[in-house]
Structures are given as structure tokens and as C-alpha cells.
Amino acid sequence: MKLKIVTWNINSIRLREDHVCSLLAKYKPDIICLQELKAPTESVPISRLEELGYKYRVIRGQKSYNGVAIISRIPLSDADYCDYCLKGDARHVSARLSNGVEIQNFYIPAGGDIPNREENKKFAHKLDFLNEMKINFIKKRLSKTILVGDLNIAPLEHDVWSHSQLLKVVSHTPIEIEALQKVAEAGNFIDITRKNIPDGLLYSWWSYRSPNWSMSNRGRRLDHIWATSDIAMKAHSSFILKEARSWERPSDHVPVFAEFNL
DNA sequence: ATGGTAGTTTGACTA
């Protein structure tokens, strides 16, 4: 079975329904995982997705903030979610494919501006969320799992525009990177994007605050596709659709793709 | 050190 999967922080599904539909029409992934729907479940537009053949979905919306979804043209079962940190945030959803492969879609907290747990509640939340993921994955002994999402951490030197200048900037601090590594180890996960594209700068997000984002190219790789080691060697053809950042009224994140021969 | 932009709950929150 071939599986083409894409993850995208869409930053409002209602504002960017057109973008999602044109992406699906052109690239025809089997599954798209979305983050930051910024809409309640009942307000997420689904009719055009259905028309495009995406008849299966698990949507966990939320008013104003967060919101995640798995949209699929192949059947999904065992829809589930975890309420990490018990805040009621819609930051996780999961589902299973007919071949037993599990899809996990995450929107990890951004963590605010100050990289200090005592001074910044949002940073504490981010670290707590990562720790809960780790504990959860140790308990579950995962296999045949693909984890995707906006993890809000750029772990490698070449995942940011300046490693030295971002060491104290939330998303690239050693404490976050170490926490994320522990999550990956606990779940036996491999970073598929970097396995397929080991060398060179790789970004999936460029801030809205830079009017000249393309020229300055101060990006970060915050969006990830991971797979457990038992299926990691089945992944290929990873790519990041940088051009989506130039589309009209774009999300600040771009789609990240991978394919699997399962 | 500061401010820059965008989206949503129209004003202050999030990123």
C-alpha cells in the first residue's frame, strides 16, 4: 500500500479552505493533517473536501485557538485524542488505517517568548506537554505509527536560519530540543524529513512579521513527519512546499510531505 | 532592546 501524507498548520481553515482544496487537487495526498483550524468542529468546512474525494475525517475543532484534523480519502478507524495537560486544548488527534498503521497529529504549544519555565507559564506548558508525550509513548510501546504536526521546535542547526542567534529563542533552545529528542526516543521515532533530506537548510515556517520573508529567508523547520523505526525505511520522497508561503493570504507555515510504501 | 504581521472572541489574546 502506498501512502502519501502531508501536514500543514493552516492558521484558520475557514480563511484558507481554497488553499487546502487546491493543494489536495494538485498533489493528491491520501491524508492531510491540519493544525490551527481556529474553528469549532461544526464550523470546519467539509463539503468541498468531500467533493474532492476526502470522505473520511477526524476533526477536533476549537473556537478561536488550536484545532487539529486528519482528513483522508482512505478509511480511518479508532479515532481518538489525548487532552495533554488537561487544558481542554484541541492539540492532538489520532486514527488508524486499515493496514493497522496509526496516524498521530500534534499541535505542540508554541511556548511564548521567554525560554524559562519559572518566568513564563507558556514555556512551562510546552515542556510539560512534551514530558506527557514522552510518558505516554513509553507506556504505549509504539509501532507502525506515523506522527506529524506543528511541533513548534526546530531541532537541528540547519533547521533554523542562524543556529547561534536562535539558541536563546523559543523553538530552538537546548532544553526544548532535548525534550523533543526524548519524545522521539520514547516513541522509537525517526525524523523522516531529515532521513530523506539529510543536508542543507530546511524550513517550514517564516514569520508574518518579516515583510521581506523570502529575501531575508529567516525560516525555521517547525513542522515534522516522524515514523516509528519499524516503518521508517519505507518512507521516501519527502519534500517541503516552500512556494505555498507565496500564495495569496498565506499561512505562515507551508505543507510538509512524505510518502510511504507500507 | 524593540517592533514588525496575522487571525479571532473587536479588543486582547494567540502565534
Side-chain angles (χ1 to χ4, degrees), chain A residues 7-21 23 33-45 59-69 83-93 105-117 119-130 148-155 159-162 164-173 176-177 179-180 203-224 240 242-256:
Chain A
T7 179
W8 196 6
N9 178 322
I10 196 62
N11 188 20
S12 172
I13 185 62
R14 287 179 288 193
L15 214 56
R16 276 178 268 281
E17 183 187 7
D18 284 351
H19 284 4
V20 171
C21 289
L23 186 86
C33 292
L34 299 170
Q35 305 86 34
E36 280 208 273
L37 300 175
K38 291 189 171 176
T41 303
E42 63 274 17
S43 303
V44 174
I59 299 176
R60 206 173 152 229
Q62 184 179 333
K63 191 178 180 183
S64 306
Y65 306 113
N66 311 315
V68 288
D83 181 8
Y84 285 94
C85 302
L86 297 176
K87 289 167 71 79
D89 287 351
R91 293 181 178 274
H92 171 254
V93 70
N105 181 16
F106 279 92
Y107 175 47
I108 291 179
D113 289 332
I114 303 162
N116 181 299
R117 153 185 292 286
E119 294 173 27
N120 174 9
K121 279 182 185 172
K122 293 180 192 172
F123 196 71
H125 178 212
K126 185 176 197 174
L127 296 179
D128 291 346
F129 193 106
L130 288 160
V148 308
D150 176 3
L151 307 187
N152 265 315
I153 297 171
D159 292 342
V160 292
W161 64 274
S162 169
S164 58
Q165 286 182 256
L166 286 169
L167 274 170
K168 291 180 178 174
V169 173
V170 172
S171 74
H172 194 61
T173 65
E176 294 166 80
I177 292 168
L180 188 68
Y203 311 143
S204 66
W205 173 88
W206 292 261
S207 173
Y208 282 129
R209 295 177 193 179
S210 170
N212 210 357
W213 70 272
S214 184
M215 278 292 288
S216 57
N217 198 26
R218 294 183 169 189
R220 306 177 202 170
R221 187 171 70 103
L222 304 180
D223 303 274
H224 298 266
I240 299 183
K242 182 178 180 180
E243 67 168 60
R245 188 63 178 76
S246 303
W247 292 355
E248 198 181 341
R249 284 251 262 172
S251 170
D252 46 352
H253 296 252
V254 299
V256 177

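To find a chain, count down the sequence lines: A is the first, B the second, and so on, and within it residues start at 1.
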Pair A:His19 and A:Trp247, ring centroids less than 6.0 Å apart: yes
Quick one about A:Asn11 and A:Lys38 (side-chain donor to acceptor, distance below 3.5 Å, no hydrogens or angles considered), yes or no? yes
Please check the phosphate of B:dT2 (OP1 and OP2 only) for any side-chain N or O of A:Arg209 closer than 4.0 Å. no
What is the distance, to the nearest angstrom, from the CD atom on A:Gln62 to the C1' atom on B:dG7? 14 Å
Distance below 4.0 Å between A:Lys122 side-chain N/O and B:dT14 OP1 or OP2: yes
Considering only side-chain heavy atoms of A:Arg91, which listed nucleotide, B:dA15, B:dC13, B:dT8, is closest? B:dA15
Has A:Ser12 got a side-chain N or O lying under 4.0 Å from the OP1 or OP2 atom of B:dT8? yes
In whole angstrom, what separates A:Asp113's CG from B:dT5's C1'? 14 Å
Write down the distance between CZ (A:Arg245) and C1' (B:dT5), rounded to a whole number of angstrom. 9 Å
Nearest whole angstrom, please: distance from the P of B:dA15 to the CZ of A:Arg220. 13 Å
Option passing side chain to side chain donor-acceptor pair (under 3.5 Å) with A:Asn105 (candidates A:Arg60, A:Arg91, A:Gln35): A:Gln35
Less than 3.5 Å apart, any donor N or O on the side chain of A:Gln62 or A:Thr41 sitting next to an acceptor on the other? no
Starting from the 5' end of DNA chain B, give me the residue, A:Ser210 or A:Ala39, whose nearest nucleotide shows up first. A:Ser210
Using whole Å, what does the distance between atom P of nucleotide B:dA15 and atom CG of A:Asp223 come to? 15 Å
Rounded to the nearest Å, what distance is computed from the CD1 atom of residue A:Ile108 to the P atom of nucleotide B:dA15? 13 Å
Counting any heavy atom closer than 4.0 Å, what does A:Arg16 reach on the DNA or RNA strands: base, sugar-phosphate only, or nothing? sugar-phosphate
